[in-house]
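Everything numeric here is computed off the predicted structure, so don't read it as measured data.
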Amino acid sequence: MEENRRLPENARNFSLKLIREGLKPRSLTRDVVWGIPAPFPGAQGKTIYVWMEAVLGYISATIEYFRLKGEEEKWRDYWFDGARIVFFIGKDNIPFHTIILPALLMASGEGYELPWTVSSTEFLMFEGKKFSKSQRVGIWIDEALKMFPVDYWRYTLLSIRPEVRDTNFTWEIFLEKVNSDLNDTVGNFIHRALTFLCRHFNCQVPSPPALDSYDRKMLEEVEEAKEAFNRILGQMRIQQAVQAVADLARKANKYFNDKEPWKTVSRRRDEAAATLNVSLQTVAALSILLEPLIPGTAEAIRRSLNLSLQEALKGVSEGLKIGRPQPLFRKISREETGVKPEKGEKEVGEATPEDLEKLGLKVAKIVEVEAVPRAKKLYRIRLDLGGGMVKQTVAGLKEHYKPEELLGKLVVVVSNMKPAELMGLRSEVMLLAAVEEGKAAILTPEKPVKPGSRVY
RNA sequence: CGCGGGGUGGGGUAGCCAGGUUAACCCGCGGGGCUCAUAACCCCGAGAGCCGUGGUUCAAAUCCACGCCCCGCUACCA
């Protein structure tokens, strides 16, 4: 790890520190019901900690993949003999990929290849907030794909990939990337070049009688862009790779503008022919550079060029007849983005009185509050549910209330919860609270009622 | 509490590890040009001195120290 300069700053320093401080014993089972049952003596009823087995899923998945293809042994090519294994993860998963997985691989003694690099990013946020499934912060993948083509999402997300710091997805940014970068810069260049070719050269790539210095410079730009792209992508700097492509399209637009083929085509047709030939070479290059970023679009470009990926790599040869160009992208409007989380809530379905019944909402009185040891946010709270029934809950209220503020309060609880365990403590009911922007307010009856009273 | 990452024009991102021309790029904004193209494209300009304080150095956004704030890890948000 010390020698591996490929590791991003966050993964490298964090992991090295852990090791230098000395690795501590770590339990590899959990008291959760779901998961793989632990087959060890004395671990009855426990399951294996996900990260201990999930990382091995990378290998299982490779094996499975090739088994289904009928190439039983092929998976070995990917895990032995100098294979370069790259992981793409968020910062919260660093130790599992830099320490636990390598440790497991080494412990097997079978010579598995260790991770070549772990491309760990910071976090992506959504409109300034953390993504949250339970609070429906974010966009669900099925909704996303119904709204816009997958390449719009890929392009935007790659261009704001949190490679150095936490980064923020906003609809504003989405509009900017799709409309300005994809549509206006990349899409429009390709479209103007192709339509011009069809209109004035019968959709056929002309041979360039002579290239002037500007033509040659543009071709050099294309080569440089390819090299830079290669280098940057090899360093997993995907964000910069996206930029490199957009930059090439900008240079191409400038080139096209400066050359003014719409003027030269009538008087100096040869010059226009050179311009168009060079432009088409650039379009082909774009289809290659876009392949790893937005493959659907890259493919679409090649379809209209009538080229395969292999052919596009070699460039566009004169005489090539292209298809009728179609715009690759379209602009999207603010209205189309809408804000969807509300819609998500509806999907839960309409509630019936029976559903409410099922929750067993009751008023309870807080009779005991105590901080859970070693926990930052948790209180263990005992509640009087009336009729002599006292139940316990573990609630994340420590950052919002002091114990004395809670003691004696009447609150609303879900009394029919399936018990769960947190920090080794049993939690039997759930205490209701309103949550807003990270602040919490517990629900309490407006006038005193007896503990155990039903809530409808 | 400890440890790791980060705080850069109005918005979004690079640069920092290997200090050094007028701090880069995109969007937005102001002005101009073009008219082939999806009112798209191109050019010019205004706008930050890089969280704060101190230090090292001929020279710091870049290195060091301290402080403030954000994010992550640590069996935790019922």
**Asked** For atom P, what is the distance between rG20(B) and rC26(B), given to the nearest Å?
**Response** 22 Å

**Request:** Just call it for N183(A): base, sugar-phosphate, or nothing, with non-hydrogen atoms closer than 4.0 Å on any strand.
**Result:** base

**Prompt:** Tell me: NZ of K177(A) to C1' of rU13(B), nearest whole Å?
**Reply:** 7 Å

**Request:** Assign T167(A) to base, sugar-phosphate, or nothing according to its heavy-atom contacts below 4.0 angstrom with the strands shown.
**Result:** sugar-phosphate

**R330(A) to F148(A) six-membered ring, cation-pi geometry met (6.0 Å, 45°)** = no

**Message:** Tell me which pairs pass salt bridge (charged side-chain N to carboxylate O under 4.0 Å, His left out) where either residue lies in residues 189-212 of chain A, with sequence neighbours left out.
**Reply:** D212(A)-K259(A)

**Prompt:** Does the side-chain ring of F196(A) lie flat on the base of rC36(B), meaning centres under 5.5 Å and planes less than 30 degrees apart?
**Reply:** no

**Request:** Name the residue closer to the 5' end of RNA chain B, choosing between D181(A) and G187(A) according to the nucleotide with the nearest heavy atom.
**Result:** D181(A)

**Request:** Please work out if L328(A) contacts a base, only the sugar-phosphate, or nothing of the nucleic acid, heavy-atom cut-off 4.0 Å.
**Result:** base

**Message:** Using O4'-C1'-N9-C4 for purines and O4'-C1'-N1-C2 for pyrimidines, with syn meaning within 90° of 0, is rG19(B) syn or anti?
**Reply:** anti

**Contact state string [nucleotides 41-51 of chain B, B base, S sugar-phosphate only, - no protein heavy atom under 4.0 Å]** = BBS--------

**Request:** Give one of base, sugar-phosphate or nothing for Q240(A), where a contact means two heavy atoms less than 4.0 Å apart.
**Result:** sugar-phosphate

